[in-house]
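Here is the structure we will look at.
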Amino acid sequence: FAPRRGHSTRIERLTKARDAAKLVQPGTQDFISLEDAVGAHNYHPIPVVLDRGLGSVVWDVEGKEYLDFLSAYSAVNQGHCHPKIISALTAQAQK
C-alpha cells in the first residue's frame, strides 16, 4: 500500500504528532541541554530537572518524586511552598 501523493501515512502522522508533543512538553534532557547552552556553569548540575515542590518533596518534569535533602542550601530550609511564605509573597505582590 502506498499513500497518494501529498498524503502521509498513519505512521508519519503519529511520528509528527509525537515530535510536536516533545516540542510542547520538553523533557529532562531538553532542559539540561538548554541550561548547558546558556547557563553560567557555576555549579556541576545533577541530571534532574525539578518541576515543583511541596514541603520536603520535589517532583521532576517526568513526575518522579524525590525527597529534597538540600534544606541547608540557600533559603529552602523551610520547605517548598511553605504556607506562611506563600501568604506573605501573595500579599506583597498584590500591593
Side-chain angles (χ1 to χ4, degrees):
F1 169 76
R4 295 184 302 198
R5 183 178 295 199
H7 293 269
S8 58
T9 65
R10 182 171 188 268
I11 298 296
E12 290 169 332
R13 288 192 307 272
L14 290 173
T15 300
K16 288 177 185 177
R18 185 198 67 221
D19 291 344
K22 285 181 186 176
L23 293 175
V24 174
Q25 201 170 33
T28 296
Q29 194 54 50
D30 298 309
F31 287 114
I32 290 173
S33 296
L34 178 62
E35 191 275 335
D36 187 51
V38 300
H41 305 285
N42 293 335
Y43 304 98
H44 181 65
I46 57 174
V48 175
V49 177
L50 300 178
D51 179 52
R52 60 191 165 92
L54 184 60
S56 61
V57 178
V58 292
W59 290 265
D60 68 12
V61 295
E62 273 83 33
K64 186 175 178 183
E65 184 177 305
Y66 299 86
L67 187 57
D68 187 355
F69 286 105
L70 295 176
S71 65
Y73 181 78
S74 188
V76 295
N77 59 349
Q78 62 279 348
H80 298 273
C81 297
H82 191 285
K84 287 185 179 180
I85 295 172
I86 296 296
S87 178
L89 179 104
T90 303
Q92 182 64 33
Q94 291 174 342
K95 289 184 179 182

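Side chains are part of it too, since the values below use all heavy atoms of this structure and drop only hydrogens, waters and symmetry mates.
Cluster annotation: Ile46 and Tyr66 are assigned to the same hydrophobic cluster (Ile/Leu/Val/Met/Phe/Trp/Tyr, side-chain heavy-atom contacts under 4.5 Å, transitive). Both Val58 and Val48 sit in one connected hydrophobic cluster of ILVMFWY residues. Membership requires side-chain heavy atoms under 4.5 Å apart, directly or through other members. A continuous path of ILVMFWY side-chain contacts below 4.5 Å connects Ile32 to Val61, so both sit in one hydrophobic cluster.
Taking all atoms of both residues into account, the shortest heavy-atom contact from Gly53 to Cys81 is O-SG, 3.3 Å.
In this structure, the separation between CG on Asp30 and CD on Glu35 is 13.5 Å, given to the nearest 0.5 Å. Between atom CG of residue Leu54 and atom CD of residue Glu65 there is a gap of 10.0 Å, rounded to the nearest 0.5 Å. Once rounded to the nearest 0.5 Å, the distance linking CG of Asp60 with CZ of Arg52 reads 9.5 Å.
The shortest side-chain heavy-atom distance between Thr28 and Pro47 does not fall under the 4.5 Å cut-off.
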Tabulate below the donor-acceptor pairs under 3.5 Å that side-chain atoms of residues 84-95 make, not counting sequence neighbours, or state none.
residue, atom, partner, partner atom, Å
Thr90, OG1, Ile86, O, 2.8

